[in-house]
Amino acid sequence: MKFFSSAIAAFAFAVSALAQIDVPGAVPKNPLEPLQHRLAYAGPTGMTVSWNTYAEIKKPEVHYGENVWDLSSVAYGSSNTYETSPTWANHVTIYGLKPDTTYYYTVSHTNCYNCSEIPAYTFTTARPRGDFTPYTAAVVIDMGVMGEFGESAASEADTGAFTASDSSTMQSLSQFRDGFELLLHPGDLAYADSWLTEYLHGYLNITLDEGVEMYNLLLNQFFDEMQPVTSVRPYMVGPGNHESNCDEGGKTYNGVTYDLSICPEGQRNFTYYKNYFSMPGEESGGVDNFWYSFDHGMVHYVMIDTETDLGNGLVGDDETASGEDMDSGPFGSYENEQIDWLENDLANVDRSLTPWVIVSGHRPWYASADNDSTCANCQTAFEPLLVKYNVDMVFYGHIHMYERNDPVAYGVVDPNGLNDPSAPMYILNGLGGHYHGTDDYSLPLTEYSRYLQNETYGWSRLTFHNCTHVTHDFIASANGTVLDSATLYKNHGCSTSSSSSTSITTTSNYTSNYTANSTVPSVATVTTNAAGITGVPSIMLAVTLVTVLIAFL
Ligand SMILES: [Fe+2]
């Protein structure tokens, strides 16, 4: 990590202003005011609505209906909090909804002051399995807080991958939210734990005791900023190391090691992460917010936990046994629960209904980076199952760069490339935009690397066109530009494909502008622009189209 960068100096300047501000952030005059609305799929016809309040609600309610003027249906849930948290997290799960249907909703104590419309949000339930209607999903990893104490302040000193006039990733996601139906965020969400790092390096003008409030300020700022997206789109999260523990295994500075004892109780062992979310672990036979799956139309999504519970004696980096004293996990009731669940989950996917299988986790194993950044235990734990069950695509982050890899299994590049491979395709995208900056890559790039850049933050847009084609785009947050685009063709044996043949084209030095509703391509394509690094030099030089006709059912 480029931690000792001038970005931190700028961050310090921004945070020095914090001393002038009461910590934590402003509490609304009405402590029951609903804040930070968050949605999550809860099984095929369920939706969980979560929000936070500064006072406890004994019996949280969600009022909902298909007509904004008739929110007469009511569902009830529960609230919970934890030591050191100033807020309560309220969770209400509604089951038995219609699939692929938009509902209006309000939550307990929603008020309307001087407004002309009912302040209702909307959610849309998952498309049923077997619905092959094209749609787009968004993926972001390693993001953190933007704004006064985050990236936009740092960028004023021209230190980060943003410039002062650029949009942040949060702003970009908000701007283009109508272009995607759900948002995946497998790990490193708010980076509230980074207060300790900043404090130890003298960049926070607070006392150590005020770390509790600083953590809460950053956490709540993040979820406040995310609300424009999370209030109207399912926000499906996974655990990352910055959800785990604020001392990250012990920080040594000026010869002093600050161990677990420096970490307040509410900042250990994924405490906020467990409290804030209600992912469909129960609905999918997984465990809480740690590993679970869900379906949306033609896609089966799987979230895995790369931090703990790797099974078969393998130790996750956030677990105490890793030697870093992270005091986190395990979360399964027995050692191999996650692995057993993953095998069972993948084995029972009906590919005739959900031909696409997308797996997301936090830590990577295929990356052009040093071995300290990659997770060998994760590869040992998960790769055999991902290969065995023909997973189509894997997303992960943790390393703050973007790298598109060709399909690869056990280190061997699939000879078919993007043309109906049997191995999973790996997308590393840790460029959500935390102010720590981007990470360095290692040369030479791996033999499976096809595009890499670490200069511009962004998010992933995944468009499922039909049973056989999915396009991955890297969207630059700063201006919405598509920096890299690749379409994967898989012959899933579907009978619903509309064409009898297609082709693969490869182009380079090409940049296209973002369009929220991309058209369905008749070809599988790879497009990159000159800003990145390609793992295949010939691709950089190519300006002609390479067309390969493929016959399939
Ligand atoms: Fe991470």
Side-chain angles (χ1 to χ4, degrees), residues 1-3 5 7-8 139-146 150-151 160-161 169 184-198 215 218-219 222 236-251 263 267-273 276-277 289-291 303-310 315-319 322 324 326-329 359-379 381-382 394-403 426-441 454 457-460:
M1 308 271 176
K2 294 176 178 175
F3 179 74
S5 68
I8 296 304
V139 187
V140 67
I141 313 173
D142 299 297
M143 187 151 64
V145 173
M146 300 294 165
E151 175 60 39
T169 299
L184 296 170
H185 193 160
D188 287 4
L189 314 180
Y191 283 85
D193 60 331
S194 290
W195 76 266
L196 179 56
T197 302
E198 315 307 337
Y215 184 94
L218 293 169
L219 198 60
F222 176 84
M236 310 305 291
V237 298
N241 53 300
H242 285 281
E243 279 64 63
S244 171
N245 188 311
C246 82
D247 84 319
E248 294 185 87
K251 292 184 176 297
C263 224
Q267 300 179 20
R268 303 179 185 185
N269 195 18
F270 294 91
T271 298
Y272 103 79
Y273 182 74
Y276 266 59
F277 296 107
N289 305 325
F290 290 93
W291 54 88
M303 186 68 72
I304 59 174
D305 174 9
T306 61
E307 309 305 299
T308 69
D309 296 79
L310 302 182
V315 178
D317 283 344
D318 292 358
E319 293 180 301
S322 70
E324 294 192 352
M326 291 280 274
D327 192 33
S328 294
V359 172
S360 300
H362 184 64
R363 291 182 191 254
W365 50 91
Y366 290 124
S368 296
D370 61 64
N371 291 335
D372 289 341
S373 301
T374 54
C375 181
N377 280 354
C378 300
Q379 180 175 16
F382 298 118
V394 179
F395 280 91
Y396 44 40
H398 188 59
I399 301 172
H400 296 179
M401 63 185 192
Y402 168 71
E403 185 169 34
Y426 287 84
I427 300 291
L428 166 65
N429 188 353
L431 286 179
H434 189 239
Y435 62 84
H436 275 179
T438 61
D439 287 336
D440 293 331
Y441 52 86
N454 64 349
Y457 292 133
W459 50 281
S460 287

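Please read all numbers here as calculations on a predicted model, not as lab measurements. The figures here come from the full heavy-atom set of this structure, side chains too, leaving out hydrogens, waters and symmetry mates. Atoms within a ligand are numbered from 1 in the order they appear, just like the ligands themselves.
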Could you check S244 against N241 for side chain to side chain donor-acceptor pair (under 3.5 Å), going step by step and ending with a plain yes or no?
CA-CA 5 Å; S244 171; N241 53 300; over 6 Å; no
For the Fe ion (ligand 1), give me the closest N/O/S atom belonging to D188, just the atom name.
OD2
Could you check whether E307 and S328, counting side-chain N and O atoms only, form a donor-acceptor pair closer than 3.5 Å?
no
Please note down the angle at the Fe ion (ligand 1) between OD1 of N241 and NE2 of H362, to the nearest 10°.
90°
Mutual orientation of the aromatic rings belonging to F382 and W365 [parallel < 30°, tilted 30-60°, perpendicular > 60°]
parallel
For a distance under 2.8 Å, tell me if H398 has an N/O/S atom near the Fe ion (ligand 1).
yes
Could you tell me whether the side chains of Q379 and Y366 share a donor-acceptor contact shorter than 3.5 Å?
yes
